[in-house]
There are 2 protein chains.
Amino acid sequence: MKSNEIKEAALKYFTIHGYEGASLSQIAEEVGLKKQSIYAHFKGKDDLFLQVLRDAKEAELSSKLHYFSKVDSQNPEKDLYGFLQLVIDLFQKNELLRFWLRMTFFPPAHLRNEIGEEVADIEEKVQSVLEGKFQDWIDAKVIVHDIAKTPTLAFVGVVDSILIELVYVNDEKRLKDKLEACWSVFWRGISHS
Amino acid sequence: MKSNEIKEAALKYFTIHGYEGASLSQIAEEVGLKKQSIYAHFKGKDDLFLQVLRDAKEAELSSKLHYFSKVDSQNPEKDLYGFLQLVIDLFQKNELLRFWLRMTFFPPAHLRNEIGEEVADIEEKVQSVLEGKFQDWIDAKVIVHDIAKTPTLAFVGVVDSILIELVYVNDEKRLKDKLEACWSVFWRGISHS
DNA sequence: TCCAACTTAACGAACGTTCGTCAGTTAGCA
DNA sequence: TGCTAACTGACGAACGTTCGTTAAGTTGGA
């Protein structure tokens, strides 16, 4: 299917150059087409962009939810650390994730609200699943804290700091150091002394 | 000085629309000039951009170093939390910081290496100051850990997660919750039980 | 089976607009 | 008189988009 080839090329250029920096002629050339031919598959640049965006959202959401649905142990140390590695793996191998990250951080101005809603939606779903897990662990007295929201937000913070490291330089050594540092301090912060 | 007015307008548009999305005509109009007149002050778009970038780097570096030079107590709880609030304050009030963040995360492709060097430079300086502080606190036995690097990187991680929250939505309530959560878990993670 | 009607994908050409940049000129001030 | 900063005018290039036109493939009824 040619539409998918176009979306793949679009994904690549949007990720590298951003919305404004990516041109339809470059994208078309990548798949051996003239830019006009894109209009046989998409209404325009915005339409192409938003379809890629929805694919990215779907990829982000499903892979995260899939991890938590599969994992159901009573071992938060293993599950949470595994999630961090999942995020690293996703980001390094899946261009959709890099695209999603860039466009949610700095969306094209005229699509700001539209994208903001998608972000809020996904954010809320992931956080509620996570919070449920933490509540279970608190009830089972395997981690400390009275309310689940605190460790949930703190863990999301650890994920954030890893993402920043991935975006910033993607130096394998630095990433490993930061992951270990953030994780060990976080874990000490939520587990029984 | 008109050059500064131009740089201020450029800062604004680069921050909102990115390098490619910001146009010289918009910037010029903002200060009541024609776009061609910008060339009386700057060699071109890149020159203008790089001058703003260096201003931003200077602002980022000096404000952070200034904080740590001023603060010299034996109270890491106060000093570190104060630093987090400084970052929040800087980001919310100083557009240079938002510009710096956007451009270091997702630099224009043709200036990637140039910007990467500036980032590495500033990163190294801030981290070494921070690491020195943590070493002092470890020696004074006011926090745990054997090596200073671990709490340093973890603290940088907390800063990162706050920055992400600021970029993402900038909802005052959410920000406060996340700050408290990240901070309390971090602090429990590095202090004596 | 065959042909006409329709659909699809891609094209060249051109649209109007904006982009960044350069050259030459004018107004004001030291 | 120079110098500077602003102007006007124009440049080639690229942008996203629309148009009309092909060529190939699909469908449906006689």
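Chain A is the first sequence line, chain B the second, and so forth, proteins listed ahead of strands; every chain is numbered from 1.
Judged purely by atom type and a 3.5 angstrom limit, R188(A) uses its side chain to pair as donor or acceptor with the backbone of S191(B). Judged by distance alone, with hydrogens and angles left aside, the side-chain atoms of R102(B) form a donor-acceptor pair with the main-chain N or O of I16(B) at under 3.5 Å. For Y67(B) (side chain) and F83(B) (main-chain N/O), a donor-acceptor pair under 3.5 Å exists by modelled atom type.
Nucleotide dT17(D) holds its P atom 10 Å from the CG atom of L48(A), rounded to whole Å. One interatomic measurement links the two molecules: OH of Y39(A) to P of dG12(C), which rounds to 16 Å at whole-angstrom precision. One interatomic measurement links the two molecules: CG of D47(A) to C1' of dG16(D), which rounds to 14 Å at whole-angstrom precision. L24(B) has its CG atom 12 Å from the P atom of dC22(C), to the nearest Å. Rounding to whole angstrom units, OH of residue Y13(A) and C1' of dC15(D) are separated by 16 Å. Whole-Å rounding puts the K43(B) NZ to dA23(C) P distance at 15 Å. Taking atom NZ on K45(A) and atom P on dT18(D), their separation rounds to 14 Å, with Å as the unit. Atom CD1 in I27(A) sits roughly 16 Å away from atom P in dA14(D) (whole-Å rounding).
Checked against side-chain hydrogen bond (donor to acceptor under 3.5 Å, both in side chains), Q135(B) has the following partners two or more places apart in sequence or in another chain: D139(B). In this structure D55(B) satisfies the salt bridge (Lys or Arg N to Asp or Glu O under 4.0 Å) test together with K7(B), sequence neighbours excluded. For K176(A), there are no side-chain contact (heavy atoms from CB on, under 4.5 Å) partners at least two apart in sequence or on another chain. The salt bridge (Lys or Arg N to Asp or Glu O under 4.0 Å) search around K64(A) returns E60(A), not counting sequence neighbours.
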Please list, one pair per line, the donor and acceptor atoms closer than 3.5 Å that link side chains of residues 148-159 of chain A to other protein atoms, with sequence neighbours excluded.
from    : atom 1 : to      : atom 2 : distance (Å)
T152(A) : OG1    : A148(A) : O      : 2.7

Taking only distance into account, with no hydrogens and no angle test, what donor-acceptor pairs under 3.5 Å do side-chain atoms of residues 90-97 of chain B form with protein atoms, sequence neighbours excluded?
from   : atom 1 : to     : atom 2 : distance (Å)
K93(B) : NZ     : D89(B) : OD1    : 3.1
N94(B) : OD1    : L96(B) : N      : 2.9

Anything under 3.5 Å between a donor and an acceptor, one on a side chain of residues 18-32 of chain B, the other on a protein residue two or more places apart or in another chain? List them.
from   : atom 1 : to     : atom 2 : distance (Å)
Y19(B) : OH     : D46(B) : OD1    : 2.3
S23(B) : OG     : S25(B) : OG     : 3.2
S23(B) : OG     : Q26(B) : N      : 3.3
S23(B) : OG     : Q26(B) : OE1    : 3.4
E30(B) : OE1    : Y13(B) : OH     : 3.1
E30(B) : OE2    : K12(B) : NZ     : 2.9

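Checking the phosphate oxygens (OP1, OP2) of dT18(C), no side-chain nitrogen or oxygen of S25(B) falls inside 4.0 Å.
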Pairs: protein N or O with nucleotides 1-6 of chain D N or O, under 3.5 Å:
from   : atom 1 : to     : atom 2 : distance (Å)
dA6(D) : OP2    : H41(B) : NE2    : 2.3

Can you give me the N/O atom pairs linking the protein to nucleotides 25-27 of chain C at distances under 3.5 Å, or say none if there are none?
none

Which protein N or O atoms sit under 3.5 Å from an N or O of nucleotides 21-27 of chain D?
none

When you compare the protein's N or O atoms with those of nucleotides 9-12 of chain D, which come within less than 3.5 Å of each other, and at what distance?
from   : atom 1 : to     : atom 2 : distance (Å)
dG9(D) : N7     : Q36(B) : NE2    : 3.4
dG9(D) : O6     : Q36(B) : NE2    : 2.8

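Within residues 14-23 of chain B, no residue is approached by DNA chain D to less than 4.0 Å at the level of any non-hydrogen atom.
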> Can you check salt bridge (charged side-chain N to carboxylate O under 4.0 Å, His left out) on R54(A) and E114(A), steps first, answer last?
Replying inline: CA-CA 11 Å; R54(A) 263 149 216 153; E114(A) 210 156 337; 3.7 Å; yes

>> Determine whether F49(A) and F42(A) satisfy the following criterion, ring-ring contact (aromatic ring centres under 6.0 Å, His included), listing intermediate values before the conclusion.
In response: CA-CA 10 Å; F49(A) 175 82; F42(A) 303 93; over 10 Å; no

>> Run the side chain to side chain contact (heavy atoms under 4.5 Å, CB included) test on F99(B) and L53(B) for me, step by step, so that the C-alpha distance in whole Å, both residues' side-chain angles and the decisive distance to 0.1 Å come before the verdict.
In response: CA-CA 8 Å; F99(B) 170 85; L53(B) 186 83; 3.9 Å; yes

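The existence of a salt bridge linking E172(A) and K178(A) is excluded, since no basic side-chain nitrogen approaches an acidic carboxylate oxygen closer than 4.0 Å.
Side-chain contact between E118(B) and M103(B) is absent, with no heavy-atom pair separated by less than 4.5 Å.
Using bins of under 30°, 30° to 60° and over 60° for the plane-to-plane angle, the ring pair W183(B)/W187(B) lands in the parallel bin.
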